[in-house]
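None of these values were measured; they are calculated from a predicted model.
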Amino acid sequence: MPGRRAGHADPPVPGAVEPDDLPDGLLVAGPDGLVEVFNAAARRLTGVAADAALGSDFRDVLPLHDAEGRDWWKCAAPYDGLNTRSRHPEQTLFLPDGTELLVSAAYRRDGAGRVERFTVTLRDAARRARRERDRADLVSTVAHELRSPLTSVKGFTATLLAKWHRFNDDQKLVMLETVNADADRVTRLITELLDVSRIEAGRLEMRRQVVDLAEEVRKIIAGRVAAGDPADRFRFEARGELPELWLDPDKMDQVLGNLVENAVRHGAGTVTIVVEPDAHKEGAAVSVRDEGEGIPPEAAQRVFRQFWRGPASGRRGGTGLGLYIVKGLVEAHGGTITVRRAPGGGAEFRFTVPAGAPDHATA
């Protein structure tokens, strides 16, 4: 690059993206292998100051090694390798202090194939590692949750097939009811996993129509009572007139059902559901409260994460996905959800949803 000193960038072009504006680390070396660009994200990821990087050999600024400890630059030979090579796909590499980075590189060559510019991009590998751990946790959770009901289904089915005539009708009924309940449990788990997948991929399909939230709450309570919960366990309050709400009724049933299930399973005392206009009277707010021990303040930011379980969850089952799904479904409607201590003790989950309009009936 004639007439240009290492470490001095061209004058900025109005409206152009500056290297320091990029979210990923960026190192650019010239034809002599000296660093010409070393942006703020690269400095943050490596701990190398700009003055130490600019004008230095890129191998000294970024001494990368692979998982076996081999010098990656000797293996890659950016300036001495094949002159037809145009890029290196992203891979995991390490700095001497053990910092793990996701590194990719690209070349710009002249007509003779010589390197004019060598560009390296850096990303923090910690987020990917967390995602991989989450996937491993998900696999472990699924395996654990599926093993118990499937073992039960298999055991009772095999027993009935082998010894059908040895059992009376009442015994057969108990076994079949157990098989049916365990099959429902497997179905619920699979539904939760599909919901998690759609939420993470941003592919939730919304089928909006006018929904009466108060009536939906009444249906949820009636279903719980029909399933055996005492009617006096629930209290419903409808306050004020709501605007016309365009929501996905199935997903609202799922949100309300999960929150009420959570209050019944992990809370205590009366479960109170309040439906009212939101603070700006432009949507609706729903609160689900219990009278149990509540959620510790330090855990309030974690309750909507995957696999979060309260102190008593270990003995009461659950995958730890329910509240994560609730948050995803509420946010897909354009709403928000929070948790705090209820006025009478216990936990209060409160979510809001905007009124919406018919011309936004698909999302």
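- The CG atom of Leu26 lies 6.5 Å from the OG1 atom of Thr119; values are rounded to the nearest 0.5 Å.
- With contacts defined as side-chain heavy-atom distances shorter than 4.5 Å, the pair Val217/Leu213 does not qualify.
- A distance of 6.0 Å or more separates the ring centres of His333 and Phe351.
- For the atom pair CG of Leu173 and CG of Asp169, the computed distance is 8.5 Å after rounding to the nearest 0.5 Å.
- In this structure, the side chain of Asp248 does not engage the main chain of Arg208 through any donor-acceptor pair within 3.5 Å.
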Verdict with reasoning, Asp60 to Trp73, per side-chain contact (heavy atoms from CB on, under 4.5 Å): CA-CA 10 Å; Asp60 297 329; Trp73 298 124; over 6 Å; no
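- Thr99 places no side-chain N or O within donor-acceptor distance of the main-chain N or O of Leu95, the cut-off being under 3.5 Å.
- Arg117 contributes no side-chain N or O that, together with a main-chain N or O of Arg109, makes up a donor-acceptor pair within less than 3.5 Å.
- Heavy atoms only, all atoms of each residue included: Gly328 and Ile199 are closest at CA-CD1, 3.9 Å.
- Under the 4.5 Å side-chain contact rule for hydrophobic residues, Val61 and Leu102 do not share a cluster.
- Following chains of ILVMFWY side-chain contacts shorter than 4.5 Å, one cannot reach Val274 starting from Ile221, and the two form parts of different hydrophobic clusters.
- From Leu45, atom CG reaches atom CG of Leu27 across 12.0 Å, with rounding to the nearest 0.5 Å.
- Looking only at distances, a side-chain donor or acceptor of Arg43 sits under 3.5 Å from a matching main-chain atom of Phe38.
- Between Arg265 and Asp290, no side-chain nitrogen of the basic residue sits less than 4.0 Å from a carboxylate oxygen of the acidic one, so the salt-bridge criterion is not met.
- Of the N and O atoms on the side chains of Asp66 and Gln91, not one donor lies less than 3.5 Å from an acceptor on the other residue.
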Checking Val275 against Arg239 for the side-chain contact (heavy atoms from CB on, under 4.5 Å) test, could you report, in this order, the C-alpha distance in whole Å, the side-chain angles of both residues, the deciding distance, and whether it holds? CA-CA 6 Å; Val275 177; Arg239 302 174 182 172; over 6 Å; no
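- Counting heavy atoms from C-beta on, the side chains of Val174 and Gln171 never come closer than 4.5 Å.
- The aromatic rings of Tyr79 and Phe118 sit perpendicular to each other, their planes meeting at more than 60°, with 30° as the lower class boundary.
- Among Asp253, Val255, Val286, the one residue that satisfies the side chain to side chain contact (heavy atoms under 4.5 Å, CB included) test with Glu216 is Asp253.
- Residues satisfying the salt bridge (charged side-chain N to carboxylate O under 4.0 Å, His left out) criterion with Asp110, sequence neighbours excluded, are Arg114.
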Starting from the C-alpha separation in whole Å, work towards a yes-or-no answer on ring-ring contact (aromatic ring centres under 6.0 Å, His included) for Phe94 and Trp72. CA-CA 9 Å; Phe94 300 86; Trp72 189 61; over 10 Å; no
Evaluation steps, side-chain contact (heavy atoms from CB on, under 4.5 Å), between Leu101 and Thr92: CA-CA 6 Å; Leu101 298 173; Thr92 302; over 6 Å; no
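- Among all heavy-atom pairs drawn from Arg207 and Pro249, the shortest one is O-CD, 3.6 Å.
- Using a 4.5 Å heavy-atom threshold, the side chains of Val120 and Val103 count as touching.
- Residues passing the salt bridge (charged side-chain N to carboxylate O under 4.0 Å, His left out) test with Arg218, sequence neighbours excluded: Glu215.
- Salt bridge present: Glu237 and Arg235 bring a charged side-chain N and a carboxylate O closer than 4.0 Å.
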Does Val35 form a side-chain contact (heavy atoms from CB on, under 4.5 Å) with Leu62? I'd like the steps, not just the answer. CA-CA 10 Å; Val35 176; Leu62 207 59; over 6 Å; no
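- Remark: the backbone N or O of Val48 is paired with a side-chain donor or acceptor of Thr46 at under 3.5 angstrom.
- Taking the charged nitrogens against the carboxylate oxygens, Arg123 and Glu90 do have a contact shorter than 4.0 Å, which makes a salt bridge.
- Counting only distance, with no hydrogens or angles, the side chain of Lys251 and the backbone of Glu205 share a donor-acceptor pair below 3.5 Å.
- Alongside Trp164, the hydrophobic cluster contains Val153, Phe156, Leu160, Phe167, Met175, Leu176, Val179 (criterion: ILVMFWY side chains under 4.5 Å).
- Aromatic ring orientation, His88 versus Tyr107: tilted (interplanar angle from 30° to 60°).
- Between Pro354 and Gly335, the closest heavy-atom pair is CD-N, 4.0 Å.
- Between Leu323 and Leu259 the shortest side-chain heavy-atom distance falls below 4.5 Å.
- Of the inter-residue distances, the one linking Thr159 atom OG1 with Lys154 atom NZ reads 10.0 Å to the nearest 0.5 angstrom.
- At a threshold of 4.5 Å between non-hydrogen side-chain atoms, the residues Phe58 and Pro78 count as touching.
- Summarising the geometry, atom OH belonging to Tyr324 is positioned 14.0 Å from atom CG belonging to Asn258; distances are rounded to the nearest 0.5 Å.
- Looking at Val196 and Ile325, their side chains come closer than 4.5 Å, going by heavy atoms from C-beta outward.
- Contacts of Arg224 classified as salt bridge (charged side-chain N to carboxylate O under 4.0 Å, His left out), with partners at least two apart in sequence or in another chain: Asp229, Glu261.
- Here the closest non-hydrogen pair linking Leu245 and Ala284 is CD1-CB, 3.8 Å.
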Before giving the answer on side-chain hydrogen bond (donor to acceptor under 3.5 Å, both in side chains), spell out for Ser152 and Asp182 the whole-Å C-alpha distance, their side-chain angles and the decisive distance to 0.1 Å. CA-CA 7 Å; Ser152 172; Asp182 284 333; 2.6 Å; yes
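- With hydrophobic clusters built from ILVMFWY side chains whose heavy atoms lie under 4.5 angstrom apart, Ile337 shares a cluster with Val339.
- The minimum heavy-atom distance between Pro63 and Pro96, with the atom names listed, is O-CD, 3.3 Å.
- The shortest distance between side-chain heavy atoms of Leu54 and Glu36 does not fall below 4.5 Å.
- Shown here are the salt bridge (charged side-chain N to carboxylate O under 4.0 Å, His left out) partners of Arg85, two or more places apart in sequence or in another chain: there are none.
- More than 12 heavy atoms of other shown residues, nucleotides or ligands fall within 6.0 angstrom of atom NZ in Lys172.
- Every pair passing salt bridge (charged side-chain N to carboxylate O under 4.0 Å, His left out) that includes a residue from residues 330-350 is listed here, sequence neighbours excluded: Glu276-Arg350, Arg289-Glu348, Lys327-Glu331, Arg340-Glu348.
- Of all the heavy atoms in Phe234 and Val264, the pair that sits closest is CE2-CG2, 3.7 Å.
- A donor-acceptor pair under 3.5 Å is formed between the side chain of Asn39 and the backbone N or O of Pro19.
- Between the SG atom of Cys75 and the CG atom of Leu93 there is a distance of 9.5 Å, given to the nearest 0.5 Å.
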